[in-house]
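Following: one structure in structure tokens, then a few remarks.
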Amino acid sequence: MTVLASLTSHYGRLERRCDVPSFGFTRERIAFGLVLSADGEPVACDDLRLSTDGRNRGGGQAMTVPRSFTRSGIKLRPFFLWDNSHFVLGLGSPPKGTEPSAHPARTEAFRDWHERLLDGTEDPGLLAVLRFLRVNRLEIGTLDRHGKGTP
């Protein structure tokens, strides 16, 4: 058996034991989960930083998500089905004591990427994501720190 074949076999064993994510996926710390209705309406925002006893875990839960990559430079490259608030909501974490900053170009890149990848899907969950991205097109990036729209 070649070294490459041995490594592939070993990865398969680790994958079956759930010690590593499946090919094409990665483990990432996720701090918040946006819960959507079938219509794409946000119904909850789950704080995944909290443990079962209500204590703050800090960075969030380690979850298996579609593969990520290193972003460098100015090209807007969203992740598939997950990302930070700059891309998903168009709203970024400000320096302490300042207003949140809007990121409409990142949100547009996130929406357009998902429109291309999910074109023609019939999956109800994926359709909910598309509805969320389409319906919230005008509101994204226009929220203040209290979740209220800005003029």
Side-chain angles (χ1 to χ4, degrees), residues 8 11-95 98-151:
T8 302
Y11 191 88
R13 287 191 302 276
L14 292 174
E15 189 176 27
R16 284 188 294 280
R17 291 190 335 216
C18 298
D19 289 340
V20 295
S22 299
F23 182 76
F25 291 83
T26 184
R27 299 282 292 169
E28 300 286 342
R29 290 214 166 270
I30 307 296
F32 294 94
L34 189 58
V35 181
L36 304 175
S37 71
D39 295 328
E41 291 292 320
V43 295
C45 182
D46 293 343
D47 188 344
L48 303 175
R49 299 170 302 167
L50 301 177
S51 61
T52 54
D53 62 4
R55 293 186 182 164
N56 190 327
R57 268 195 288 249
Q61 289 182 19
M63 302 179 82
T64 301
V65 295
R67 184 179 55 105
S68 64
F69 42 81
T70 302
R71 288 193 269 233
S72 61
I74 60 172
K75 186 174 182 180
L76 302 175
R77 296 178 57 205
F79 300 146
F80 181 58
L81 296 177
W82 71 281
D83 216 312
N84 61 44
S85 64
H86 296 111
F87 281 90
V88 178
L89 302 174
L91 193 62
S93 302
T98 63
E99 292 295 318
S101 52
H103 299 276
R106 291 180 185 186
T107 302
E108 185 177 333
F110 187 79
R111 183 189 61 246
D112 291 348
W113 178 240
H114 286 81
E115 288 278 1
R116 276 192 306 250
L117 292 176
L118 301 177
D119 184 40
T121 188
E122 295 179 11
D123 181 272
L126 297 177
L127 289 172
V129 170
L130 287 175
R131 288 182 190 114
F132 168 76
L133 295 173
R134 290 171 184 158
V135 168
N136 292 294
R137 179 174 291 179
L138 298 177
E139 291 93 340
I140 290 177
T142 61
L143 300 177
D144 66 17
R145 75 167 74 191
H146 305 292
K148 307 246 191 265
T150 56

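Computation of the quantities below employed the complete heavy-atom set of this structure, encompassing side-chain atoms and omitting hydrogens, waters and symmetry-equivalent molecules.
With sequence neighbours excluded, the residues forming a side chain to side chain contact (heavy atoms under 4.5 Å, CB included) with F32 are C45, D47, R49, listed by chain and number. Applying the side-chain hydrogen bond (donor to acceptor under 3.5 Å, both in side chains) test to S68 and every residue at least two apart in sequence or in another chain returns E28. For N84, the side chain to side chain contact (heavy atoms under 4.5 Å, CB included) partners at least two apart in sequence or on another chain are R71, H86, F87. Residues satisfying the side chain to side chain contact (heavy atoms under 4.5 Å, CB included) test with R13, not counting sequence neighbours, are S9, H10, R16. Annotation: side-chain hydrogen bond (donor to acceptor under 3.5 Å, both in side chains) contacts of D119 (sequence neighbours excluded): none. Legend: residues meeting side chain to side chain contact (heavy atoms under 4.5 Å, CB included) with A44, ordered by chain and number and at least two apart, are V35, D46.
Distance CZ/F69 to CZ/R67: 7.5 Å, rounded to 0.5 Å. In this structure, S37 OG and R131 CZ are separated by 8.5 Å, a value rounded to the nearest 0.5 Å. To the nearest 0.5 Å, atom OG1 of residue T121 and atom CG of residue L126 are 4.5 Å apart.
Electrostatic pairing of E115 and R134 counts as a salt bridge here, judged by a charged N lying under 4.0 Å from a carboxylate O.
Contact annotation: the side chain of F80 approaches that of L118 to within less than 4.5 Å [non-hydrogen atoms, C-beta and beyond]. At least one side-chain heavy atom of V20 sits under 4.5 Å from a side-chain heavy atom of Y11.
The main-chain N or O of E41 is never found under 3.5 Å from a side-chain atom of D39 such that the two would form a donor-acceptor pair. Side-chain atoms of R106 do not come within 3.5 Å of backbone N or O of G90 as any donor-acceptor pair. Formation of a donor-acceptor pair under 3.5 Å by the H114 side chain with backbone atoms of L81 is found in this model.
P78 and A109 get closest at one heavy-atom pair: CG-O, 3.6 Å. Pairing each heavy atom of A128 with each of L36, the nearest pair is O-CD1, 3.9 Å. Looking at every heavy atom in both residues, T26 comes nearest to P66 through CG2-O, 3.9 Å.
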Decide side chain to side chain contact (heavy atoms under 4.5 Å, CB included) for L91 and T107; before the verdict, give the C-alpha distance in whole Å, the side-chain angles of both, and the deciding distance to 0.1 Å.
-> CA-CA 9 Å; L91 193 62; T107 302; over 6 Å; no
Could you go step by step and tell me if V88 and F110 meet the side chain to side chain contact (heavy atoms under 4.5 Å, CB included) rule?
-> CA-CA 7 Å; V88 178; F110 187 79; 3.7 Å; yes
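Close placement of the F79 and W82 rings is indicated, their centers lying within 6.0 Å of each other.
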